[in-house]
Amino acid sequence: MIKVTRLNRKTFYLNPDLIETMEQTPDTVITLTGGNKYVVTEEPVLLIQRIAEFRRRCHPDYVGPEERRE
């Protein structure tokens with residue numbers, strides 16, 4: 001789960017596996033696969049970093065193709 005902040009400064013956690021799109025309009029609108037939309041204060045670049053950190057925590061032994069040595 002990643003932490004996000006609504007415009008009223010209330011925080012909540014979102015499952016990044018359900019994110020379909022993120023767009024900045026100028027606020028960031030996150031659309032989930034089920035159609036729910038959330039407007040948050042974080043910029044998409046920061047959210048992408050949080051998603052990457054979440055994935056690293058879930059799969060700590062994963063070695064990406066650019067890191068593999070043969």
Side-chain angles (χ1 to χ4, degrees):
M1 303 290 272
I2 60 167
K3 184 177 181 179
V4 294
T5 309
R6 294 182 191 267
L7 296 181
N8 65 2
R9 300 290 179 209
K10 301 269 183 175
T11 60
F12 68 102
Y13 292 85
L14 193 62
N15 182 345
D17 294 332
L18 300 178
I19 294 175
E20 186 171 345
T21 62
M22 283 190 285
E23 56 185 312
Q24 197 166 9
T25 65
D27 298 317
T28 302
V29 179
I30 301 171
T31 304
L32 303 184
T33 56
N36 293 346
K37 294 185 181 229
Y38 298 95
V39 180
V40 299
T41 60
E42 291 88 350
E43 293 190 9
V45 171
L46 176 60
L47 294 173
I48 291 167
Q49 290 172 351
R50 289 181 183 174
I51 292 168
E53 290 169 11
F54 169 77
R55 300 257 187 265
R56 281 193 288 275
R57 286 193 312 271
C58 291
H59 306 283
D61 296 329
Y62 174 74
V63 176
E66 66 280 350
E67 299 172 4
R68 288 189 185 138
R69 294 186 184 166
E70 296 184 35

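Looking only at side-chain heavy atoms (C-beta outward), Ile51 and Ile19 come within less than 4.5 Å of each other. Residues Val29 and Asp27 fail the side-chain proximity criterion, which asks for heavy atoms closer than 4.5 Å. Within the 4.5 Å cutoff, the side chain of Leu47 has heavy atoms near those of the Val40 side chain. You'll find the side chain of Val39 stays beyond 4.5 Å of the side chain of Thr25, heavy atoms only.
Under the rule for a side chain to side chain donor-acceptor pair (under 3.5 Å), the partners of Arg55 that lie at least two apart in sequence or sit in another chain are Asp17.
In this structure, the separation between NZ on Lys3 and CG on Leu14 is 13.5 Å, given to the nearest 0.5 Å. In this structure, Ile30 CD1 and Glu20 CD are separated by 13.0 Å, a value rounded to the nearest 0.5 Å.
Identified under the side chain to side chain donor-acceptor pair (under 3.5 Å) test for residues 32-43, with sequence neighbours left out: Thr5-Glu42, Glu42-Arg50.
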side-chain contact (heavy atoms from CB on, under 4.5 Å) between Met22 and Ile48, intermediate numbers included: CA-CA 10 Å; Met22 283 190 285; Ile48 291 167; 3.7 Å; yes

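Arg57 and Pro60 make their closest contact through O-CD, 3.6 Å (heavy atoms, listed as atom of the first residue, atom of the second, distance).
Through direct or indirect side-chain contacts shorter than 4.5 Å among Ile, Leu, Val, Met, Phe, Trp and Tyr, Met1 is connected to Tyr13.
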